[in-house]
Amino acid sequence: MSSSPALLLPRTLEEAQAQLHRTPEARVLAGGQSLVPAWRSSGLPPAVLSLDRIESLRGVHMEGDSLQLGAQTTLHELATSALVRRQLPALARMAARMGDCFMRNRATVTGAACSTSGAGCLPAAMLACGATVHTTARTISAEQWFAPPDPTAGLQRGELVVRLAFPIPEVASHQCLRLTPARFAAVTVFATRGARGFGVGVSGLGERSLRSLSAEAWLAAGEPGDERTIAAVFDGLPPHAGADTAFDYRVAQARRLLRSAAVALARPRPTF
Amino acid sequence: MSKPFCTVNGKAYDPPANATTALEWLRDEAGCTDVARACETGHCGACVVVLDGRSVKSCSLLAGELEGRQVHSLQGMALAGRAPFAAIERAVRARQPFQCGYCKPAFLMAACDLLESQARPTEKEVREAFAGLLCRCTGYQAIVEAVLLASAPDKGRA
């Protein structure tokens with residue numbers, strides 16, 4: 001790469017918003033594990049604003065029955081947090097398998113939630129849990145966040161993600177098909193059972209991660225061994241050409257992962 | 001005296017002149033040619049360094065993000081204060097698992113990360129910790145054995 005962009009390193013949210021107001025062309029950088037390598041081929045933006053030094057965006061805590069993840073929480077912090085392991089162990093186990101050990105030291109939960117590829121484990125978890133994205137201006141449901149065109153398109157100038165909030169389910173299961181280590185999973189199914197019934201988030205079957213009502217209905221019907229009924233799950237989705245695998249194959253894998261999730265949800269809650 | 005931009009292996013450096021990524025700066029301006037330039041796309045891990053105690057890929061960091069940080073490359077690992085490194089070094093000298101050496105920083109630093117959090121990993125846990133790291137020479141088995149040896153030297157597996 002040649003010629004460095006202007007790099008802004010604010011230490012507070014207020015400073016970041018003021019700098020974005022003065023430098024509207026600046027691209028916001030979280031962990032950089034997707035953007036910096038991508039800029040090798042797409043070209044560097046003229047200015048970059050890094051959130052790396054804003055301490056108020058870090059940390060994990062509970063608010064009532066909801067797990068709050070600071071926007072700059074790294075995947076390593078998510079995987080190793082004693083609080084997350086206790087409250088939502090499936091999320092910690094999922095984070096421990098995302099990327100590789102070096103990426104997890106820098107990649108943030110917000111960066112993972114901003115994935116535009118339609119793949120990725122965290123989007124599926126957010127949809128299954130009914131998570132919310134809290135910005136400096138408003139609260140956005142996971143379903144709204146992952147609606148087209150892409151997660152960050154609806155953010156206003158200067159609006160920054162502050163935290164992600166996950167209502168805690170009774171039990172959760174993360175299942176994924178990872179064909180290449182350290183890359184996005186080809187297909188992810190994250191399933192939960194809780195006060196609002198079943199929740200199923202799926203990544204890898206379309207342009208965007210989605211919440212699957214057909215999968216939730218299948219789980220609620222309580223017949224995990226019935227091959228006839230699972231044939232209707234994920235049926236009717238518009239065929240989406242993935243980069244490396246056929247759509248029919250990914251649908252078949254999603255059904256297999258859903259069956260595994262059903263078995264896991266029926267077991268006692270795992271602990272670390 | 002002006003505050004240094006950052007320190008690398010204990011030595012203070014000025015801000016980047018031309019480099020864009022931390023990898024470019026470390027090699028071209030800080031003289032750390034032990035930080036390998038391999039895929040440069042965030043996949044292989046050959047460019048990994050320790051940033052304030054955590055192993056990261058320098059090709060996926062902007063050079064300016066090193067401001068105020070302490071960086072250690074492989075040649076400075078003894079200074080980085082990572083407790084498992086001495087045992088890993090002894091095991092690597094005993095088992096000789098590497099060939100060309102391009103992947104050595106990645107595996108040694110991943111091994112440090114692993115042994116800091118798990119003193120006695122199983123073979124499966126070692127392999128899982130190395131998921132995504134690439135070696136074109138060795139087939140990984142000898143590297144895994146070296147890490148297991150580092151974690152349990154008293155079992156006399158050398």
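These figures come from a predicted structure and were not determined experimentally. To find a chain, count down the sequence lines: A is the first, B the second, and so on, and within it residues start at 1.
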K.L.:
Taking every heavy-atom pair that is under 4.5 Å apart, which of S60(B), G132(B), A131(B), S117(B) has the most such pairs with chain A?
P.N.:
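Highest number of heavy-atom pairs under 4.5 Å: S60(B).
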K.L.:
Select, from N105(A), L9(A), D100(A), the one with the greatest count of heavy-atom pairs under 4.5 Å involving chain B.
P.N.:
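Most pairs with chain B among the choices: N105(A).
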K.L.:
Which bit of L29(A) comes within less than 4.5 Å of chain B, counting heavy atoms only: side chain, backbone, both or neither?
P.N.:
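For L29(A), side-chain heavy atoms alone lie under 4.5 Å from chain B.
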K.L.:
Using a strict threshold of under 4.0 Å (side-chain N to carboxylate O), is an ion pair present between R53(A) and E65(B)?
P.N.:
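Looking at R53(A) together with E65(B), the answer is no, because their closest N to O distance does not fall below 4.0 Å.
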K.L.:
Using the six-membered ring wherever Trp is involved, compare the ring planes of W25(B) and Y13(B) and label them parallel, tilted or perpendicular (cut-offs 30° and 60°).
P.N.:
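Ring orientation, 0 to 90° scale: perpendicular.
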K.L.:
CG of L62(B) to CD of E67(B): how many Å apart, nearest 0.5 Å?
P.N.:
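L62(B) atom CG to E67(B) atom CD measures 12.5 Å (nearest 0.5 Å).
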K.L.:
Quick one: what part of L61(B) sits under 4.5 Å from any heavy atom of chain A, side chain, backbone, both or neither?
P.N.:
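Backbone plus side chain of L61(B), per the 4.5 Å heavy-atom cut-off to chain A.
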K.L.:
Do F130(B) and V147(B) have side-chain heavy atoms sitting under 4.5 Å apart?
P.N.:
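Sidechains of V147(B) and F130(B): in contact.
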K.L.:
Determine whether the side chains of R163(A) and Q68(A) contain a donor N or O and an acceptor N or O closer than 3.5 Å.
P.N.:
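There is such a pair between these side chains.
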K.L.:
Backbone N or O of E40(B) within a donor-acceptor pair of the R40(A) side chain at under 3.5 Å?
P.N.:
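Between the backbone of E40(B) and the side chain of R40(A) there is a qualifying donor-acceptor contact (under 3.5 Å).
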K.L.:
Using a 4.5 angstrom heavy-atom cutoff, name the option from S55(B), A129(B), G42(B) with the most pairs to chain A.
P.N.:
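Ranked by heavy-atom pairs under 4.5 Å with chain A, first place is S55(B).
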K.L.:
Is it the side chain or the backbone of R183(A) that comes within 4.5 Å of chain B heavy atoms, both, or neither?
P.N.:
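Side chain only.
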K.L.:
Who among L134(B), V48(B), L51(B) has the most heavy-atom pairs with chain A under 4.5 Å?
P.N.:
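That would be V48(B).
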